Q: 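This is the structure, below, for whatever I ask next.
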Protein chains: 2
Amino acid sequence: MSMARARPLVLDPNRRDDPCAHCGARAYSVCSAIDSKDLDRLAALSTQIVVDPGRSFIEEGDAAEHFFNVTSGTAKLFKLLPDGRRQITGFASTGHFLGLAVSTAYSFSAEALEPMRICRFSRPKLKLMLDDFPAMEKRLLEVASNELVAAQEQMLLLGRKTARERLASFLIARADMPSHCLGHQPGHAETVLLPMTRNDIADYLGLTIETVSRTLTKLRSEGLIEIPSASTVVIKRHAALEAIASGSGGH
Amino acid sequence: MSMARARPLVLDPNRRDDPCAHCGARAYSVCSAIDSKDLDRLAALSTQIVVDPGRSFIEEGDAAEHFFNVTSGTAKLFKLLPDGRRQITGFASTGHFLGLAVSTAYSFSAEALEPMRICRFSRPKLKLMLDDFPAMEKRLLEVASNELVAAQEQMLLLGRKTARERLASFLIARADMPSHCLGHQPGHAETVLLPMTRNDIADYLGLTIETVSRTLTKLRSEGLIEIPSASTVVIKRHAALEAIASGSGGH
DNA sequence: CCGCCGCCTTGACACAGATCAAACTGGTTG
DNA sequence: CAACCAGTTTGATCTGTGTCAAGGCGGCGG
């Protein structure tokens with residue numbers, strides 16, 4: 001490839017050189033708090049890893065030795081009960097920071113849905129570095145606060161919304177997702193891509209796969225959405241769907 | 001009172017002097033990150049407020065102008081749907097820090113269950129002060145991370161546990177609560193006090209009041225708990241209850 | 001001390017969503 | 001291109017929890 005010849009150093013596999021400079025997630029991630037001139041110090045702490053779909057890279061209960069920063073792709077984060085019941089607590093895509101759990105063990109598992117690139121940091125080393133970069137600590141607090149708000153919203157969904165409202169909320173949330181999470185323009189996307197299976201959606205929304213399927217079929221038959229393929233939903237009536245999602249949609 | 005004469009300055013109502021020094025929550029709260037010598041600066045930013053039971057002090061959607069630190073008493077934190085369905089996302093008692101929401105508006109409401117004393121800070125002023133005290137920022141991140149873990153556990157409960165498991169989890173969590181949340185010795189308390197109504201428990205666990213009542217009655221009839229009064233539960237078989245809570249309790 | 005009122009418990013029944021079962025679909029392999 | 005397979009859809013039935021309704025209990029004020 002001609003690009004290989006134009007920038008040989010970058011592609012040289014023996015040189016782990018300046019990964020941040022070419023990181024697509026940098027602008028959206030916690031790293032944005034770090035000055036360009038200090039990036040090499042951050043880069044020195046990081047290891048780039050690749051995770052294939054279906055592969056886990058965090059196992060609930062394991063010693064929490066690393067922080068992770070998703071560079072591309074999507075993962076599902078989940079907790080299990082001993083009999084196999086599963087709750088997906090979120091999906092992590094480009095820019096997402098993982099591993100905030102305070103204790104010494106991870107409190108959830110993470111598995112790739114799509115091919116992923118992840119930037120991995122030694123936990124103790126990054127913690128030390130945080131002392132020198134309060135701006136990054138500030139950014140982490142911001143991120144954690146945002147996740148907390150999202151978690152509370154999800155509790156409302158799981159505790160009090162109907163299946164119909166849960167699906168509507170899920171689709172609206174996906175459609176309103178920041179553009180870098182999947183490369184489309186900002187604002188509502190009317191086409192929503194679902195990299196996860198129906199089973200994952202069910203485990204995220206506290207439902208069964210059959211209820212998810214039936215409810216989507218119903219929304220389609222009412223003209224609110226179209227489903228050109230199992231992993232693609234087109235939102236036809238965004239406002240109506242939003243009304244359902246918020247709990248003021250009737251039925 | 002003789003104490004009044006011994007320390008007249010403290011009790012002088014016109015002197016808002018050094019509230020932190022006598023704050024019972026200090027050791028457990030984010031303030032523990034602040035050196036004694038800097039406490040006066042923190043105290044200068046704070047206003048002590050008292051909230052009667054049933055009174056709200058945070059209203060979802062209102063401009064987020066303050067941070068709060070619970071000094072004594074307990075509040076319920078909740079979100080509402082337009083038709084009145086309610087999800088309680090947590091209970092905040094002594095030492096709890098509130099108001100982390102990033103956006104400009106609160107994402108939940110808070111209402112006192114018991115008489116409360118709260119330490120209130122101006123949001124922008126405290127944020128400025130954080131720049132000078134990275135230790136406090138670190139502490140806040142710790143707190144937020146802990147809450148995130150708790151929120152994920154609650155999602156598992158709301159999405160995947162049965163009514164029986166939810167009640168068991170709730171009672172176990174209350175029994176294992178840090179001692180400063182209600183003044184008993186550390187470790188399991190076998191006597192659990194419930195300052196909230198059955199309705200609040202129901203809205204916290206994503207159930208109805210009737211199901212909460214019936215399920216508690218059932219646990220009692222099985223000899224796992226006793227219910228000397230509506231607001232007191234005595235755990236008779238902690239291990240068995242824990243097994244149910246974790247999802248490996250049979251039935 | 002009595003009566004009221006809010007909260008809690010208990011019972012009978014209904015229903016949203018779970019479970020069990022079977023057929024369909026689209027992509028992949030030999 | 002046929003057979004397969006994982007994931008999805010659809011159908012029939014069941015059930016845990018919700019809903020509606022009727023007491024019971026305990027604390028507070030008069």
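Each chain gets a letter, A, B and so on, in the order the sequences are listed, and its residues count up from 1. All heavy atoms count here, side chains included; hydrogens, waters and symmetry mates do not. Owing to the predicted nature of the structure, the values given are computational and were not obtained by experimental measurement.
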Q: Side chains of A:Pro195 and A:Ser231, heavy atoms from C-beta outward: is any pair under 4.5 Å?
A: no

Q: For A:Met196 and for B:Arg214, locate the closest nucleotide of DNA chain D by heavy-atom distance; then report the residue assigned to the nucleotide nearer the 5' terminus.
A: A:Met196

Q: Indicate yes or no for a side-chain donor-acceptor contact from B:Ser221 to the backbone of B:Lys218 under 3.5 Å, with no hydrogens or angles considered.
A: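 Yes, the answer is positive, given that a donor and an acceptor are paired below the 3.5 Å cut-off.
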
Q: Are A:Arg166 and A:Tyr204 in a cation-pi contact, defined as NZ or CZ under 6.0 Å from the six-membered ring centre and within 45° of the axis?
A: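 The answer is no, since A:Arg166 fails at least one limit relative to A:Tyr204.
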
Q: Working to the nearest 0.5 angstrom, can you tell me the gap between B:Asp62 CG and B:Glu60 CD?
A: 9.5 Å

Q: At a heavy-atom distance below 4.0 Å, what parts of residues 217-236 of chain A sit against DNA chain C?
A: none

Q: So, does A:Arg55 use its side chain to make a donor-acceptor pair with the main chain of A:Leu113 at under 3.5 Å?
A: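 No; zero donor-acceptor contacts below 3.5 Å.
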
Q: Pick base, sugar-phosphate or nothing for B:Thr197, based on heavy-atom distances below 4.0 Å to the nucleic acid.
A: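 Answer is sugar-phosphate: B:Thr197 comes under 4.0 Å of backbone atoms only.
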
Q: Taking only residues two or more places apart in sequence, or in another chain, which ones meet A:Glu147 in a salt bridge (charged side-chain N to carboxylate O under 4.0 Å, His left out)?
A: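 Once residues adjacent in sequence are excluded, A:Glu147 has no partner under the salt bridge (charged side-chain N to carboxylate O under 4.0 Å, His left out) criterion.
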
Q: Quick one: list whatever passes ring-ring contact (aromatic ring centres under 6.0 Å, His included) with A:Tyr106, sequence neighbours left out.
A: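 With neighbours one apart ignored, the set is empty.
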
Q: How would you list all residue pairs meeting side-chain hydrogen bond (donor to acceptor under 3.5 Å, both in side chains) that involve residues 78-88 of chain A, not counting sequence neighbours?
A: A:Lys79-B:Glu153, A:Asp83-A:Arg85, A:Arg85-B:Glu165, A:Arg86-A:Asp200, A:Arg86-A:Asp203

Q: Nucleotide range of DNA chain D contacted by chain B, 5' to 3', under 4.0 Å to a heavy atom?
A: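 With heavy atoms of chain B under 4.0 Å away, the range is D:dT17 to D:dC20.
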
Q: What residues form a salt bridge (charged side-chain N to carboxylate O under 4.0 Å, His left out) with A:Arg164, not counting sequence neighbours?
A: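 Expected list: A:Glu222.
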
Q: Report the C-alpha separation of A:Phe97 and A:Phe68 in whole Å, then their side-chain angles, then the decisive distance to 0.1 Å, and conclude whether the ring-ring contact (aromatic ring centres under 6.0 Å, His included) test is met.
A: CA-CA 6 Å; A:Phe97 186 86; A:Phe68 301 87; 9.0 Å; no

Q: Name all residues meeting the side chain to side chain donor-acceptor pair (under 3.5 Å) criterion together with A:Ser56; count only those two or more places apart in sequence or in a different chain, and write none if there are none.
A: none

Q: Per the end-axis method with five pairs at each terminus, what is the bend angle of the helix from C:dC1-D:dG30 to C:dG30-D:dC1, to 10°?
A: 30°

Q: With sequence neighbours excluded, what pairs up with A:Thr215 under the side chain to side chain donor-acceptor pair (under 3.5 Å) test?
A: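 Listed in chain order: nothing, the list is empty.
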
Q: Looking at residues at least two apart in the chain, or sitting in another chain, which of them share a salt bridge (charged side-chain N to carboxylate O under 4.0 Å, His left out) with A:Glu226?
A: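 Testing A:Glu226 for salt bridge (charged side-chain N to carboxylate O under 4.0 Å, His left out), a comparison that skips the adjacent residues, returns A:Lys236.
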
Q: Let's see if you get this right: which residues in residues 199-209 of chain A place a heavy atom under 4.0 Å from DNA chain C?
A: A:Gly206, A:Leu207, A:Thr208

Q: Under 4.5 Å between any side-chain heavy atoms of A:Phe170 and A:Val192, yes or no?
A: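 Not touching, per the 4.5 Å side-chain cut-off.
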
Q: B:Thr89 and A:Gln152: side-chain donor and acceptor closer than 3.5 Å?
A: no

Q: For DNA chain C, note the earliest and the latest nucleotide, 5' to 3', having some atom under 4.0 Å of a heavy atom belonging to chain B.
A: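 The footprint of chain B covers C:dC8 to C:dA12.
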
